[in-house]
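Read the structure below first, then the notes.
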Amino acid sequence: MENGSRLAEPGEFTRRAFLNGRIDLAQAEAVVDLIHSRTELALQAANEQLAGKLSRRINDLRDDLLKTLAHIEAHIDFPDEDIAPDTKEQLIARLEHGVRFMDELLRTANEGQILRRGIRAAIIGRPNAGKSSLLNQLLGHERAIVSAIPGTTRDTIEETANIRGLPVIFIDTAGLREARDEIEVEGIRRSRQSL
Ligand SMILES: Nc1nc2c(ncn2[C@@H]2O[C@H](COP(=O)(O)OP(=O)(O)OP(=O)(O)O)[C@@H](O)[C@H]2O)c(=O)[nH]1
Ligand SMILES: [Mg+2]
């Protein structure tokens, strides 16, 4: 490179933005989700997180809890001052609101994981049940060999399909039966493992 210039390392600009406080950790993490997003829905979720939606919600909760804490401590430290006390009911209501909010956040964290990693779904059944045909239909192309001979599929076949925005990793497997040879024994072992 000329005049001391060099190529940026992967993630370097994101790291700088984080270290300079321009974005927070949740936003920095969203960048990698954005890059790896496999469906429109995942892309949209990553975009929202990058825009600071998750960070704002967490900061709001933090502010709320700090205010409640300050109020309680003010009454312990300065009981004689003329600060209108929150009633016990008000305090409990606020804390319960915080708990509900955190529960909701944890629930959507699960959804976020599903969007990032996808759902794994094994297609299991007897030989000739139509497992490979089903996989091909879901993918919209002839990925797996289909034949009228039972025991066609031996190896597991993994492919990702976009099901209403969710990445679903379908696993086509060897049909379950008394195995006829050592390859089928291994195939059926893999079917059970997928199951
Ligand atoms: N009539 C009918 N035949 C089907 C259907 N789906 C699959 N078949 C036929 O059933 C046979 C077996 O289909 P496969 O998709 O290879 O079945 P499989 O479950 O993957 O079989 P193995 O890999 O041997 O376990 C093929 O001849 C298909 O054309 C269906 O919905 N209706
Ligand atoms: Mg098959």
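Counting convention: from 1, in listed order, for ligands and their atoms alike. It should be emphasised that the depicted structure is a prediction, and the values quoted were computed from it without experimental measurement. By convention here, the first residue in the shown sequence is residue 1.
Distances between N or O atoms of Ala129 and those of ligand 1 include at least one value under 3.5 Å. Ligand 1 has no nitrogen or oxygen under 3.5 angstrom from a nitrogen or oxygen of Thr173.
When hydrophobic clusters are built by joining Ile, Leu, Val, Met, Phe, Trp and Tyr residues whose side-chain heavy atoms come closer than 4.5 Å, directly or via intermediates, Ile123 is not grouped with Leu176. In this structure, Ile188 is not a member of the same hydrophobic cluster as Ile157, with clusters built from ILVMFWY side-chain heavy atoms closer than 4.5 Å. Two different hydrophobic clusters hold Ile169 and Leu195 under the rule that ILVMFWY side chains link at heavy-atom gaps under 4.5 Å.
Backbone or side-chain N, O or S atoms of Thr152 do not reach the Mg ion (ligand 2) at under 2.8 Å. One of the N, O or S atoms belonging to Thr153 lies under 2.8 Å away from the Mg ion (ligand 2).
Between Leu138 and Ala161, the closest heavy-atom pair is O-CB, 4.2 Å.
Among all non-hydrogen protein atoms, the one lying nearest atom 24 (O) of ligand 1 is Gly151 N, 2.7 Å. The closest protein non-hydrogen atom to atom 28 (C) of ligand 1 is Val146 CG1, 3.7 Å. Here the protein heavy atom with the shortest distance to atom 7 (C) of ligand 1 is Ser133 OG, 3.1 Å. Scanning the protein for heavy atoms near atom 17 (O) of ligand 1, the closest one is Gly130 N, 3.2 Å. For atom 26 (C) of ligand 1, the closest heavy atom belonging to the protein is Ser147 O, 3.5 Å.
Atoms of ligand 1 lying under 4.0 Å from any heavy atom of Gly175, numbered from 1 in the order shown and given with element: 25 (O). Which parts of ligand 1 touch Thr153 is read off a 4.0 Å heavy-atom cut-off, strictly below it: atoms 23 (O). Listed by number with element, the atoms of ligand 1 under 4.0 Å from a non-hydrogen atom of Ala148 are 27 (O). For ligand 1, the atoms closer than 4.0 angstrom to any heavy atom of Lys131 are 15 (O), 17 (O), 18 (P), 19 (O), 20 (O), 21 (O), 22 (P), 25 (O). Proximity to Pro150 (heavy-atom distance under 4.0 Å) selects the following atoms of ligand 1: 24 (O).
When Ile123, Asn128, Leu176, Ile124 are ranked by how near their heavy atoms come to atom 12 (C) of ligand 1, first place goes to Asn128.
In this structure, OG1 in Thr14 is found 9.5 Å from CG in Leu34, a value given to the nearest 0.5 Å.
Checked against His97 for a side-chain contact (heavy atoms from CB on, under 4.5 Å), the options Thr68, Asp64, Leu61 give a single hit: Asp64.
Distance screen at 4.0 Å: atom 14 (P) of ligand 1 has a protein heavy-atom neighbour inside the cut-off. When distances from atom 4 (C) of ligand 1 to the protein are checked, no heavy atom turns up under 4.0 Å. Closer than 4.0 Å to atom 30 (C) of ligand 1 lies none of the heavy atoms of the protein.
Within the 4.5 Å cutoff, no side-chain heavy atoms of Leu91 are placed close to those of Lys88. At a threshold of 4.5 Å between non-hydrogen side-chain atoms, the residues Arg57 and Glu104 count as touching.
Atom CD1 of Ile149 has 12 or fewer neighbouring heavy atoms from other residues, nucleotides or ligands inside a 6.0 Å radius. Counting non-hydrogen atoms of other residues, nucleotides and ligands closer than 6.0 Å to CD of Glu178 gives a total of 12 or fewer.
Ser132 and Thr153 form a side-chain donor-acceptor contact under 3.5 Å, judged by distance and modelled atom types alone.
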